[in-house]
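This report concerns only the one structure given below.
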Amino acid sequence: MLKQTTFSSAASASQIRAGFRLALDHAADTLGATSPNPSVGCALLDAEGRVLTIGVHPRVGQPHAEAMALAQARDAGVLGDVRTAIVTLEPCNHTGRTPPCSEALRNSPVEHVWIGVADPNPQAAGGAERLREMPNGRSVTFLSDVPEMADLERDCRALLAPFLSRVVRHRPWISVKQALDSNGTMIPPMGQTTFTSEASLTLAHRLRRATDAIITGIGTVLADKPRFTVRRVADHADRGPRLLVVCDRKGRLPADWKNGMEQAGFTVLVSPDLLSVPAMLAERGVNWAMVEAGPSLLKTVSDAGLWDDWLTIRKDGDTDHIELQSRDESPLRLLRESACSLES
């Protein structure tokens, strides 16, 4: 049975589940826009369990998801009806660029707070404890306390994975994208730039949009002159420059290509040592990096164990099979196209 909260007006299990799904879906759309902050979603429900508003943290320096949701409820004239807050990440309990979300919730009509995962950042943690503090404490439930909602907790962990990696391991979450034809090679047919389906290409561009940095090799740059831009889906509006790291030991990076990439909105960095790249990106606030490179660099990434998940798009006749290997809950699961069959 679902753990009961202390208030008789608590929303039902199905309504809590629906609220989490909405918060996760909205927050996943902000991946790639919020670094160095995490992507977070918050749904506010009334006493009958109806969703009133859904807030997300759009980018660093702007209000967090809880504050956004509360402001939206206030603007819509329904703040007084709010009783339950559903948040994918524990509300922060410190004053940074914005005030503590734990205090914003305590100063609202919210009576119940559901939390997807605890905040791994020691500077911001403690929101749940503050919410429970008496007098006027709130009922707080973590998804980890409700086994029936383990799938939601996994998705909240997947959403948080890039931020958690940078904060805890001091390196971004690193995803590898590799496309293989039916013969197991990465080389497109003569006169073509790709051999994958439209759905697979769209998934690849959604991944680019969700990441803060791209890692590639000088061989790929010299052979293909890639653009690395987000084209098949709309990129985040007003986002800062995406980082592009080129692994180049011999200083062969063409100046004209570098200038063109900078004009296209990238900050181009050159590294002679792949092993130093994760720490370098973490220092720049990168939560999630994507490797788009040829076989040589991918082998080095694999041999060094630098990847966190590995997306393989394998051409099989007229069908693409998409396989995902992951060391933990992968944020890629939240991006998958329904048209693609994701096997993990």
> Is the closest side-chain heavy-atom distance between S175 and W288 below 4.5 Å?
Replying inline: yes
> Where do P172 and V286 come nearest, in terms of heavy atoms and distance?
Replying inline: CB-O, 3.4 Å
> Taking side chain as C-beta onward, heavy atoms only, is V82 less than 4.5 Å from D46?
Replying inline: no
>> Tell me every residue that passes salt bridge (Lys or Arg N to Asp or Glu O under 4.0 Å) with E129, counting only those two or more places apart in sequence or in another chain.
In response: none
> CZ of R249: more than 12 outside heavy atoms within 6.0 angstrom?
Replying inline: no
> Residues in salt bridge (Lys or Arg N to Asp or Glu O under 4.0 Å) with D248, at least two apart?
Replying inline: none
>> Using salt bridge (Lys or Arg N to Asp or Glu O under 4.0 Å), reason through D308 and R169 one step at a time and then give a plain yes or no.
In response: CA-CA 12 Å; D308 293 295; R169 301 191 298 161; 2.7 Å; yes
>> Holding to side-chain hydrogen bond (donor to acceptor under 3.5 Å, both in side chains), I want the full list of residues that pass it with N93, two or more places apart in sequence or in another chain.
In response: S102
> Is there a donor-acceptor contact under 3.5 Å from the side chain of R166 to the main chain of P36?
Replying inline: yes
> Closest approach of R242 and V230, non-hydrogen atoms and distance?
Replying inline: NH1-CG2, 3.9 Å
> Does anything in residues 221-232 pair up under salt bridge (Lys or Arg N to Asp or Glu O under 4.0 Å), and if so which pairs, sequence neighbours excluded?
Replying inline: E198-R232
> Do E148 and R17 sit within salt-bridge range, that is, some charged N less than 4.0 Å from a carboxylate O?
Replying inline: no
>> R59: which residues meet the side-chain hydrogen bond (donor to acceptor under 3.5 Å, both in side chains) condition with it, sequence neighbours left out?
In response: none
> So, R130 side chain and E103 main chain: donor-acceptor pair closer than 3.5 Å or not?
Replying inline: no
> Taking all atoms of both residues into account, what is the closest heavy-atom pair of E90 and F142, and its distance?
Replying inline: CD-CZ, 4.3 Å
>> Any heavy-atom pair between the side chains of L311 and I322 that's under 4.5 Å?
In response: yes
> Tell me the salt bridge (Lys or Arg N to Asp or Glu O under 4.0 Å) pairs involving residues 65-82, sequence neighbours left out?
Replying inline: none
> Can you list every pair that meets ring pair (Phe, Tyr, Trp, His ring centres under 6.0 Å) and has a residue in residues 39-79, with sequence neighbours left out?
Replying inline: H57-H64
>> For N37 versus N287, what's the shortest heavy-atom pair and its separation?
In response: O-ND2, 3.0 Å
>> Restricting to non-hydrogen atoms, name the atom on A23 and the atom on I54 that form the minimum distance, rounded to 0.1 Å.
In response: CA-CG2, 4.3 Å
>> Please enumerate all residues that pass side-chain contact (heavy atoms from CB on, under 4.5 Å) together with D328, with sequence neighbours excluded.
In response: R157, W173
> Just by modelled atom types, is the A33 backbone N or O under 3.5 Å from a matching donor or acceptor in the T30 side chain?
Replying inline: no
>> So, using side-chain hydrogen bond (donor to acceptor under 3.5 Å, both in side chains) as the criterion, who are the partners of D155 when residues are at least two apart?
In response: R21, R333
> Does D303 have any side-chain hydrogen bond (donor to acceptor under 3.5 Å, both in side chains) partners at least two apart in sequence or in another chain, and if so, which?
Replying inline: K299
> Which residue, T53, L52, L79, L44, forms the side-chain contact (heavy atoms from CB on, under 4.5 Å) with Q72?
Replying inline: T53
Which donor-acceptor pairs under 3.5 Å do side chains of residues 255-269 form with protein atoms, sequence neighbours excluded?
{"residue": "W257", "atom": "NE1", "partner": "P226", "partner atom": "O", "Å": "3.0"}
{"residue": "K258", "atom": "NZ", "partner": "E262", "partner atom": "OE2", "Å": "2.7"}
{"residue": "N259", "atom": "ND2", "partner": "A255", "partner atom": "O", "Å": "3.2"}

>> Per the salt bridge (Lys or Arg N to Asp or Glu O under 4.0 Å) rule, what does the pair list look like for residues 285-295, sequence neighbours excluded?
In response: K177-E292, R208-E292
>> Does this structure show an ion pair linking R138 with E111, if we count only N-O contacts that are shorter than 4.0 Å?
In response: no
>> I need the minimum non-hydrogen distance between V167 and P120, along with the two atoms involved.
In response: CG1-O, 4.0 Å
